[in-house]
Amino acid sequence: MKRFITTPIYYPNSKPHIGSAYTTIVSDFFARLYRELGYKTYFLTGVDEHGEKIQKSAESKGKSPQELVDEMADSFKAAWKKLGISYDRFIRTTEDGHKKLVRDVLRKVYEKGDIYKDVYEGYYCVGCERYYTEKELMPGLLCPYHHKPVEKKRIDAYFFKLTKYKDELLKYFKENPKFLSPKYKEEILNKMDDIKDICISRPVSQVSWGITLPFDEGHVAYVWFDALLNYMSGLDGKMEFWPPDLQFMGKDIIWFHSVLWPAMLISAGYELPKREIAHGFLTVDGKKMSKSLGNVIDPLEVAERYSVDTLRYYLLTKVPFGDDGDFSWKGFKEAHNSELLGHYGNLANRLAKLWQRAFGDSKGESPKELDERFKKLENIKEKIIELAEANDVEKLLNFYGESFLHGIGDINAYLNEKEPWRKEGEEAKEILRNTLEAFLYMTTLLKPLLPVSTKKVMESFNINLNIKDVELGKLGDEATIPEELMLFKKVEE
RNA sequence: AGCGGGGUAGGGUAGCCUGGAGUGCCCGCCGGGCUCAUAACCCGGAAAUCGGUGGUUCAAAUCCACCCCCCGCUACCA
């Protein structure tokens with residue numbers, strides 16, 4: 001039982017934004033979940049450091065490309081650290097191991113006869129000294145920077161025989177219906193009708209910051225051919241994790257992962273990934289996020305103003321996976337104050353205070369007899385295991401959102417009904433033992449969703465549980481009960 | 001234009017593939033309970049012709065056809 005989970009490697013021409021944070025948090029949730037369930041898990045993320053933009057950006061800043069990407073890689077690592085991302089490996093495409101692997105694969109594919117030299121015809125801007133695609137140009141075929149007409153120019157380039165694998169890809173899609181991301185499946189299938197061979201090289205004269213082709217040092221590899229292979233080089237030879245089980249990404253790059261990527265792997269002779277899965281984009285108050293609108297939400301700011309868990313909780317349970325999702329500061333505040341603090345945080349403190357009052361000491365105890373209503377909490381765990389085995393990411397996210405509210409709500413309702421504060425002695429104690437037992441159990445199940453606050457609970461109660469082994473019944477006996485516990489701070493503004 | 005996704009109470013969603021009483025969840029609103037807890041918790045209620053029209057069926061939010069509205073994609077940019 002293993003799971004290999006990946007995020008795309010991000011292009012570090014700016015610091016991490018909410019989109020990359022979203023993908024990474026989703027991936028992190030699943031990595032944590034599978035670890036909790038006892039799977040051998042490998043969670044890979046990183047940065048894609050080659051290409052013309054990095055090269056140009058470094059020039060304009062008077063730095064070498066390597067200096068620039070070193071800085072950017074650090075800024076990504078720092079951001080993920082603040083957000084508590086539990087990656088096993090942070091891959092950088094400028095690493096020697098990665099470069100070597102890319103060249104090895106290119107050679108294999110070349111020797112197989114799947115790469116050929118042909119003429120690339122493109123729109124060339126003399127001022128920019130580079131080629132543009134038609135889509136990038138302004139109306140009237142003008143260069144977007146110089147606003148001058150571009151010229152059609154022909155150049156030698158290498159092409160990958162994507163068309164050769166069309167039938168094999170279609171067969172794989174058919175036999176593995178979960179491979180393609182549900183919301184984008186039809187779109188990919190339709191596009192398969194007119195796929196073309198893809199140009200996979202750039203002349204060194206245009207882009208020098210890249211990996212040169214092993215069979216022609218005058219060209220560097222097209223970024224996608226370079227970047228996609230991070231999923232293999234990032235394993236550092238631990239091929240027992242191959243192939244990837246869950247590859248997360250934004251919907252903009254699903255085509256490359258669904259078509260080009262598996263075709264490359266077939267050509268090079270590797271097993272194909274299990275699921276390519278895309279999420280939607282995030283809008284703010286219904287509008288696209290953009291610098292010009294000034295409505296860009298910085299994930300680190302959310303984490304600071306509210307908490308890391310608030311950001312996670314919101315993204316994982318409030319944004320419908322696969323579709324575009326809207327969010328707002330108001331939404332964060334509600335999720336934070338009403339759901340996380342009100343239901344969960346308040347319950348933790350409520351339990352701690354009631355316990356002190358009834359027992360007068362901090363020694364935990366399990367119930368003599370577990371209340372009937374709490375036995376159904378075990379169904380939550382079973383359902384999680386079942387959905388996890390099936391790799392059903394959408395249902396898992398939905399289920400977690402609902403289980404949180406139901407599970408915690410049930411415990412609060414139990415307290416309201418039993419009113420232990422109006423009772424004395426053994427009767428009050430047994431109610432609280434039940435509450436404690438259910439609370440610890442739910443907390444364990446919530447670890448992947450709320451890693452920071454559940455860890456705080458575990459530490460405060462001096463206990464260490466995981467989803468795989470946790471069983472209702474004797475959890476309380478192992479715990480010590482804190483005098484009070486504030487998991488979330490109320491945010492007024 | 002082609003293709004794809006979406007249109008379910010005031011807002012946001014799940015359900016649709018594998019038809020079976022409008023069934024669920026969050027926010028908001030109204031009423032009640034509790035007062036142990038971070039004015040937090042719990043219970044109840046109002047509110048929807050499930051985008052429209054037609055069809056299949058004993059039965060349609062769910063299947064089929066057409067139409068309307070919103071959004072996105074159309075790859076050799078990173």
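Contact annotation: A:R202 does not reach the phosphate of B:rC76 (side-chain N/O to OP1 or OP2, under 4.0 Å). For the OP1/OP2 pair of B:rC42 and a distance below 4.0 Å, the side-chain nitrogens and oxygens of A:H343 include at least one atom meeting the criterion. A:K353 has a side-chain polar atom (N or O) that falls below the 4.0 Å cut-off from OP1 or OP2 of B:rU38. Regarding contacts with the backbone of B:rC27, a side-chain N or O of A:S338 is found under 4.0 angstrom from either OP1 or OP2. Phosphate proximity of B:rC26 to A:K318: absent, as no side-chain N or O sits under 4.0 Å from OP1 or OP2.
Comparing atom distances between the A:L405 side chain and each of B:rC25, B:rC36, B:rA37 picks out B:rC25 as nearest. Considering only the side chain of A:N190, B:rC3 comes nearest among B:rC42, B:rC3, B:rA75. Nearest to the side-chain atoms of A:N416 among the listed nucleotides B:rC34, B:rC41, B:rA78 stands B:rC41. Side-chain proximity of A:E187 to the nucleotides B:rG4, B:rC36, B:rA78 is greatest for B:rG4. The A:L162 side chain lies nearest to B:rA75 when the options are B:rC26, B:rC34, B:rA75. Minimum atom distance to the side chain of A:E402 is reached by B:rC25, of the listed B:rC25, B:rG4, B:rA37. Considering only side-chain atoms of A:R350, the nucleotide from B:rC27, B:rC41, B:rA78 that sits closest is B:rC41. Out of B:rC26, B:rU35, B:rG5, the shortest distance to the side chain of A:R422 is found at B:rU35. Picking from B:rC34, B:rC41, B:rA14 the nucleotide with the shortest atom distance to the side chain of A:E419 gives B:rC34.
Following rounding to the nearest Å, A:L316 (CG) and B:rC26 (C1') show an atom-to-atom distance of 16 Å. Atom CD1 in A:I253 sits roughly 14 Å away from atom P in B:rC76 (whole-Å rounding). Rounded to whole angstrom, the span from the NE2 atom of A:H279 across to the P atom of B:rG72 amounts to 16 Å. Taking atom OH of A:Y400 as the reference point, atom P of B:rG24 lies 25 Å away to the nearest angstrom. Between A:F439 atom CZ and B:rC36 atom P there is a gap of 20 Å when expressed in whole angstrom units. Rounded to an integer number of Å, the gap from CG of A:L189 to C1' of B:rC73 is 14 Å. Distance A:I408 CD1 to B:rC26 C1': 16 Å, rounded to the nearest Å. Distance, A:Y313 OH to B:rU13 C1': 13 Å, rounded to whole Å.
Remark: A:W255, A:F256 in residues 254-265 of chain A come within less than 4.0 Å of RNA chain B through at least one heavy atom.
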Side-chain atoms of residues 219-229 of chain A: list all donor-acceptor pairs with protein atoms under 3.5 Å, sequence neighbours left out, distances to 0.1 Å.
{"unit_1": "A:D226", "atom_1": "OD1", "unit_2": "A:H98", "atom_2": "NE2", "d": "2.7"}
{"unit_1": "A:D226", "atom_1": "OD2", "unit_2": "A:H50", "atom_2": "ND1", "d": "2.7"}

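Taking the six-membered ring where the residue is Trp, the centroids of A:Y400 and A:F29 are separated by under 6.0 Å.
The same atom, C1', is picked in B:rU35 and in B:rC26; the two are 26 Å apart, to the nearest Å.
A:Y231 is linked by a ring pair (Phe, Tyr, Trp, His ring centres under 6.0 Å) to A:H257, A:W261, counting only residues two or more places apart in sequence or in another chain. Not counting sequence neighbours, the partners of A:E71 by the salt bridge (charged side-chain N to carboxylate O under 4.0 Å, His left out) test are A:K63. Qualifying side-chain hydrogen bond (donor to acceptor under 3.5 Å, both in side chains) partners for A:E365, counting only residues two or more places apart in sequence or in other chains: A:R433.
Checking A:D410 against A:R357, the closest nucleotide of RNA chain B that is more toward the 5' end is the one next to A:R357.
Within 4.0 Å of A:Y184, counting heavy atoms only, lies no atom of the nucleic acid at all. Residue contacts shown for A:N346 include a base, since a base heavy atom lies under 4.0 Å away.
The aromatic rings of A:Y22 and A:H279 are tilted relative to each other, their planes meeting at an angle between 30° and 60°.
Counting non-hydrogen atoms of other residues, nucleotides and ligands closer than 6.0 Å to NZ of A:K395 gives a total of 12 or fewer.
Pairs of residues two or more places apart, or lying in two chains, never qualify as salt bridge (Lys or Arg N to Asp or Glu O under 4.0 Å) while including a residue from residues 197-216 of chain A.
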